[in-house]
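Notes for the one structure printed next.
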There are 2 protein chains.
Amino acid sequence: MSLAIISPGKDPDVWIKEFNALAPDLSIEVYPKINEPEKVEYVFLWQHPEGILSEFPNLKLISSMGAGVDHILRDKSIPASIPIVRIVDEKLTFSMTNYVVMAVLNFHRQTTRYQLNQRKKIWDMSSPELDVTIGVMGVGALGKDVMDKLNYMGFPVVGFGFSEKPDFEYPYYTKDKLNEFLNQVNVLICLLPLTPDTENILNMDLFEKCNPNTYLINVARGKHLVEDDLMKALEEGHLSGAMLDVYREEPLPENHPFWENRKITMTPHIASVTNPQAAAPQVVENIRRIKENRELVNVVNRSRGY
Amino acid sequence: MSLAIISPGKDPDVWIKEFNALAPDLSIEVYPKINEPEKVEYVFLWQHPEGILSEFPNLKLISSMGAGVDHILRDKSIPASIPIVRIVDEKLTFSMTNYVVMAVLNFHRQTTRYQLNQRKKIWDMSSPELDVTIGVMGVGALGKDVMDKLNYMGFPVVGFGFSEKPDFEYPYYTKDKLNEFLNQVNVLICLLPLTPDTENILNMDLFEKCNPNTYLINVARGKHLVEDDLMKALEEGHLSGAMLDVYREEPLPENHPFWENRKITMTPHIASVTNPQAAAPQVVENIRRIKENRELVNVVNRSRGY
């Protein structure tokens, strides 16, 4: 039996090194050069070509290379009987939170304004801080951690999500209270999972309900955002700016208007990158549990979508 | 009796408004137009002209307009019998900490690199984070808060200061262990009070002991830093960059080389600005205590310098 790594465009070597160290007996295949597909019992996936898993008749476990699984669930050809697991990694949370806090603080402390003033040699001490109230869409492990850190730093935070959370620690709103949620915030962070409910949720209809000059931070998935609507919302002043780490097409095409928009700050999907040293042991542990017929860890609920 | 506001170049109106609301009976004079100097019993100072306080024969209380008092203590003509008090304001701590955390995160997440890549339309996902260990020089109320916040966010922090702190919560070093302190850090934050011990402490001798490419953040006082030495240390690679909020001369002169140095990020002394709404009640409270002959709050220890 073997583990197949299927992550087109990503270097598998760091992973192979970790797997070899942790489980020397585990044989590893790397897509697209799979020598013995009938021996593949486990796959480790990132953005796999749709339908390809049917090549492995003895597949027993599907493991995502990251926290997100939308790239797996969109492949409707995967039999419902094969369990899907994902990576839950403290380092992912550390990175995501610190990226988001950086984005919030750069808005709050007007980094762009001071950079421009430095270039123009302008000494302007007026209004050094913008008051912010931060709205977090998606209050799972990542969203909750972002709220905890920002709250500890002294910022007001409110949450939004699709499930009821009667005991949630911060003010929290569900879908029917979207307006009320947006009314309170001037920094909007998207950390939602990508599901049919949340795809395209960041659209003109939502932006029009925002307080004028709200700042948007999208670190979830490119498909949460209707990109043309963002350009329009920035132009019309519903939003004052955006920090984006994810895009509908990645790498972002060279002719994409985001590159040159001065109100958009971009990073190339690096907010939170799975760390092989933290993630590989989780994959190996689930392989062990499959063999021993024990309950898996970090199993994805397909109907919920994460 | 009256309170004299002496803060050349700063608008006193916001302060007058607060004092009038809190203590309608208190008469207020504003330097340089002091009508009855013999009636001035309290002064509220920021960067006052040296020697000027001798014009007030009945002076009973000197209050700084901020947390720092170096601008008062350098005036050796002030009689030792007059108490000096300063402002201690949670909002000052909030602002200072969030400024410093912003500077740390922008180094950690390489904001400058990604800004440049965006301008050049480069999609580069490699090495998204720099590992950081943060050294805080000065672990008073502000320094300790910075350490608490960074520690809570998952960063290793170590402290440096001039007093022994046997029960300090984080690794802590005094003057004779400066080398050991610097060996551990690649982000160096100066939050020291300005005293004869600390003036010019950020000099070539210290920079040469730093790990290569250490990042410097100075939010304390301009006089902590030997500015020519910073330029040289950046050139020679002892430091990779610096974020500065304070300067030896403020406003920074137009011909100063910092403005155009690409490794220096500048703000115009706005990291933490005294908030009249929080500070005025403290001044009024100390005036009340003087009248009632009670112990003052936030008294400065002149020999310690803060």
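Chain A is the first sequence line, chain B the second, and so forth, proteins listed ahead of strands; every chain is numbered from 1.
- In this structure the side chain of A:Trp123 never reaches within 4.5 angstrom of the side chain of B:Glu254, judged on heavy atoms.
- Using a 4.5 Å cut-off between heavy atoms, B:His108 touches chain A through its side chain atoms alone.
- Taking every heavy atom of both residues into account, B:Val101 and A:Met153 meet most closely at CG1-CE, 3.8 Å.
- For chain B, the nearby parts of A:Ser95 are the backbone and the side chain; heavy atoms of each come within less than 4.5 Å.
- For A:Asp131, the CG atom is loosely surrounded, since the number of other residues' heavy atoms within 6.0 Å does not exceed 12.
- Residue B:Glu90 does not touch chain A at all, counting heavy-atom pairs closer than 4.5 Å.
- Within the 4.5 Å cutoff, side-chain heavy atoms of A:Lys91 are placed close to those of B:Glu129.
- Of the listed residues (B:Asn106, B:Val273, B:Thr265), the one with the most heavy-atom contacts under 4.5 Å to chain A is B:Asn106.
- Residue-environment remark: CD (B:Gln277) stays at or below the threshold of 12 foreign heavy atoms within 6.0 Å.
- Rounded to the nearest 0.5 Å, atoms CE (A:Met266) and CG (B:Asn117) are 9.5 Å apart.
- Counting heavy atoms from C-beta on, the side chains of A:Leu252 and B:Lys121 never come closer than 4.5 Å.
- Within the 4.5 angstrom heavy-atom criterion, atoms from both the backbone and the side chain of B:Tyr152 approach chain A.
- With respect to chain A, the highest number of heavy-atom pairs below 4.5 Å among B:Pro251, B:Ala271, B:Gly154 belongs to B:Pro251.
- For a residue to count as touching a neighbouring chain, one of its non-hydrogen atoms must lie under 4.5 Å from one of that chain's; by this rule A:Asp124 touches chain B with the backbone only.
- The nearest pair of heavy atoms linking B:Met102 to A:Leu105 is N-CD1, 3.5 Å.
- Using a 4.5 Å cut-off between heavy atoms, B:Ser126 does not touch chain A at all.
- Residue contact with chain B, scored on non-hydrogen atoms closer than 4.5 Å, is absent for A:Phe107.
- When A:Val104, A:Ile122, A:Thr93 are compared by the number of non-hydrogen pairs under 4.5 Å with chain B, A:Ile122 comes out ahead.
- With a threshold of 4.5 angstrom between heavy atoms, A:Asn261 approaches chain B through N, CA, C or O but not through any side-chain atom.
- Rounding to the nearest 0.5 Å places CG of A:Leu244 at 9.0 Å from CD of B:Gln118.
- Residue contact with chain B, scored on non-hydrogen atoms closer than 4.5 Å, is absent for A:Gln110.
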